Structures are given as structure tokens and as C-alpha cells.
**Q** 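This is the structure, below, for whatever I ask next.
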Amino acid sequence: MIPSILPTYNRAPIDFASGQGSWLLDAQGRRFLDLGAGIAVNVLGHSHPDLIKALTDQAHSVWHTSNLYGIPRQQELADKLVDATFADTVFFCNSGTEACELAVKMARKYFFEKGQAERTDIITFEGSFHGRSSAGIAAAASEKLTQGFGPLLPGFVNLPFGDHDALTEAVSDTTAAILIEPIQGEGGIRPVPDQCLKGLRDFCDSHELLLIFDEVQCGVGRTGKLFAHEWAGVEPDIMMVAKGIGGGFPLGCVLATEDAASGMTAGTHGSTYGGNPLGCAVGSAVMDIVAEDEFLQNVNWKSGLFRQGLERLVDAYPHVFDCVVGSGLMLGLKCSNVANTEFVAKGYDALVLTVPASENVVRILPALNIPDEDIQAAFGRLEAAAKAVGAS
Ligand SMILES: *Cc1c(COP(=O)(O)O)cnc(C)c1O
């Protein structure tokens with residue numbers, strides 16, 4: 001009999017009753033160290049007092065009014081995002097996949113308005129992930145995501161990761177944009193080298209294409225800059241954001257330059273819940289903390305600490321791990337002779353939560369404010385999982 005929850009997930013046999021900082025407690029009172037943060041979502045850990053206050057204060061004033069009226073909380077958050085980034089304007093939605101929908105629509109509308117309606121194709125890369133909507137799966141194009149769901153939304157050209165010649169060959173007079181994650185998350189924590197991001201920017205400029213960054217996973221402080229592309233010193237025309245921006249409250253957005261957004265006039269796009277006061281109150285509180293230089297410096301410090309310990313672990317368990325990948329607090333342990341899912345499962349016994357990704361990688365995506373002592377606690381638990389997986 002089909003479960004009452006549609007069984008699209010293979011769930012671990014654990015459920016949590018409460019959370020505090022980097023820790024989650026189950027009903028039996030077991031304390032799990034959370035190095036997954038709800039897949040890079042809980043950037044400030046669980047039960048952060050500022051986020052609780054922002055949410056509950058807003059809950060006592062007004063929950064929802066729709067975008068038929070002004071929403072002061074939305075304005076406040078949009079201004080913060082515009083101030084802190086390349087963007088001139090922001091559209092709010094509720095998830096990463098919805099951000100992908102608008103990014104695609106915006107790019108196509110841009111060329112339509114310029115009298116180049118034939119420019120509809122978006123170049124994407126193998127191993128990418130852009131959400132589960134029809135556009136999102138067509139963009140990522142992997143069989144795992146698309147099989148059985150055809151016909152797929154047309155207009156995506158999926159290329160091998162890091163193949164410059166393929167890119168040069170693929171561009172044509174129907175190309176509108178390039179869509180890329182500066183660091184692939186689901187794809188196995190695969191960073192795009194700074195040089196390549198620079199190269200893509202130049203390529204887009206010389207072919208008059210729009211450059212779209214999907215920072216749904218790597219953004220919002222995750223790499224030690226507010227957005228990952230800042231490390232490369234290049235800016236996109238359009239950027240998708242979700243996951244961390246709501247700190248656990250469903251919130252996503254698309255940031256864009258004035259030029260890239262110029263086709264999106266009244267009536268061209270919408271969302272009933274998008275930019276809802278509750279979500280924006282929380283997002284605004286997240287930005288107040290995460291966008292601070294000192295906070296981001298701390299992410300870099302914690303990243304160094306984490307990396308050192310993970311490198312030691314890899315050295316000590318070469319039959320389990322191949323290497324450490326990633327940057328900031330978007331880290332991964334690439335497994336060698338064991339399956340990443342096996343390691344993640346042994347982690348549950350060792351009371352540590354990690355997240356599998358492609359390329360046999362175990363993702364480490366802790367809260368960005370994880371205390372140093374919790375990072376130290378992580379090593380013992382990860383080692384216990386490595387021992388257990390090595391022994392089996
Ligand atoms: C998670 C993710 C998405 C999809 O976000 P949802 O909120 O699950 O729809 C899109 N792009 C990237 C890079 C992601 O990691």
C-alpha cells in the first residue's frame with residue numbers, strides 16, 4: 001500500500017523533535033551533530049534567537065497580504081540584497097526551482113523584447129542541478145532527473161563540465177544564456193575554477209549572452225563570501241538564490257541587473273506567496289547577520305579548521321576517502337572504496353548527519369556559525385563512521 005506521504009524520498013529511520021544550534025534531538029533524546037543543515041539551509045543553525053524573534057514578531061503583526069499591495073518586509077529585504085550585490089532588482093519566490101523558472105523566463109523575455117525572439121536556448125552543464133520543475137530538470141538534463149517525465153521543456157543545451165571547446169561549438173544564433181552553479185552541489189561539490197567563471201563572463205560579453213549563476217546552494221555566505229562568484233571577481237546578469245536565504249523558512253529569489261530584468265514588466269510573472277511578510281522578515285534577519293564582514297571572516301576561519309581535520313581524516317582512512325573537496329563550509333569527502341551512502345548511514349549510528357551527493361561525495365554543509373568546539377566534535381564522529389564503514 002502506498003504510504004500516506006508520497007514515497008519520493010528514501011528517508012533515514014530518524015526523526016527529530018527539536019534543534020539547537022548545530023544539534024538535533026530525536027524523540028529518544030539522542031543528540032545528532034547536524035553537518036547537513038537541512039541541505040545548506042539552516043545557515044544560522046537551529047533555533048537562532050534572532051530568527052525566532054523575526055518570525056514571531058511578524059507572526060503577531062501580519063502573515064500574508066499578497067503582492068497586490070506593498071509589502072514593507074519585502075522592500076526591506078530587496079534593498080538589503082541590492083545593496084550587498086551586483087543586482088538592481090529582486091523577485092521573491094519560495095524555492096530554488098521557482099527561482100530557476102524565472103531565470104529562464106527572464107532570459108528569454110530579454111531577447112524577445114530586443115527583437116531577437118529566436119534566442120531561447122540556455123546552455124547548461126552536465127552534473128548540474130537546478131530543481132525539480134519541468135524547466136529545472138530539462139536544464140540539468142540528467143537521466144536520473146528526466147526519465148519518464150518527457151516531453152521535456154525544449155531550449156536547453158547540456159554540455160560536459162569544463163569543456164571549453166564544446167562551449168564554443170554549442171553557441172549559435174539561438175543561444176540566450178549560460179546557466180551555471182559556481183560550485184555544483186548535488187553534482188558532488190565541484191567548484192568551477194575562478195578562471196573559468198571569468199572566461200564565461202568574457203564569453204557571454206563577446207557573444208552578447210546573459211550569464212546566470214545558480215547560487216541556490218553555494219550562496220548566502222556558504223563559501224565565506226556572501227555569494228560564491230565574488231571570489232572570482234565576476235558578476236552574473238541574473239542569479240538564483242534560495243536555501244540559506246530563509247535560514248529554514250521557505251524563501252527564494254532571483255536577483256538581476258536592470259538590463260537583464262528589463263523585459264519583466266507588470267503582469268509578466270508572479271507568485272501568490274512570493275515575498276510573503278513571514279519569509280521576508282526571516283530573510284531580512286538572516287541578511288543582517290550573514291552579510292557582515294566579520295561573520296564571513298569567521299566562515300573562512302571555520303572552513304580552515306574543518307578542512308585541516310578532514311584532511312587528517314582522509315590521511316588516516318585512505319581506504320575510505322579519496323580527498324577533501326569544496327570551499328568555505330561547502331565541503332565534501334570524496335569516498336574511495338566505499339559508497340558515500342554507506343558512510344552517511346554509518347554516520348547516523350555515530351550521531352552525525354551528512355548528505356550524499358554525486359561523484360561518491362559526502363557533503364559537509366554545517367551551519368555557518370557552527371562553534372569551533374562543535375567542529376572538533378565532528379571529527380570524532382566522522383572518524384567513528386569511517387571506522388565502521390571500513391570494518392564492514
Ligand atoms: C537545491 C537546489 C535547487 C532547487 O531548490 P529547491 O528549493 O529544492 O527547489 C536549485 N539549484 C541548486 C544549485 C540547488 O542546490
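What you see is a predicted model; the values in this text were computed from it and never measured. FYI, side chains are in, hydrogens and waters are out, and symmetry mates aren't considered; it's all heavy atoms of this structure. First listed ligand is number 1; within each ligand, the first listed atom is number 1.
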**Q** So does D374 pair up with K302, basic N to acidic O under 4.0 Å?
**A**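 No salt bridge links D374 with K302.
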
**Q** Do the charged groups of R119 and D173 touch, with an N to O distance under 4.0 Å?
**A**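 So R119 does not pair with D173 through a salt bridge.
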
**Q** Quick one: hydrophobic cluster around F112, which other residues, with the 4.5 Å side-chain cut-off, linked directly or via members?
**A** none

**Q** Is D288 salt-bridged to K80, going by a charged N under 4.0 Å from an acidic O?
**A** yes

**Q** Please tell me whether H229 and E235 have a donor and an acceptor in their side chains that are separated by less than 3.5 angstrom.
**A** no

**Q** Taking non-hydrogen atoms within less than 4.0 Å of ligand 1, which protein residues qualify?
**A** S95, G96, T97, F129, H130, G131, E181, D214, V216, Q217, K243

**Q** Under the 6.0 Å and 45° cation-pi test, does R201 pair with F86?
**A**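 R201 over F86 ring: no.
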
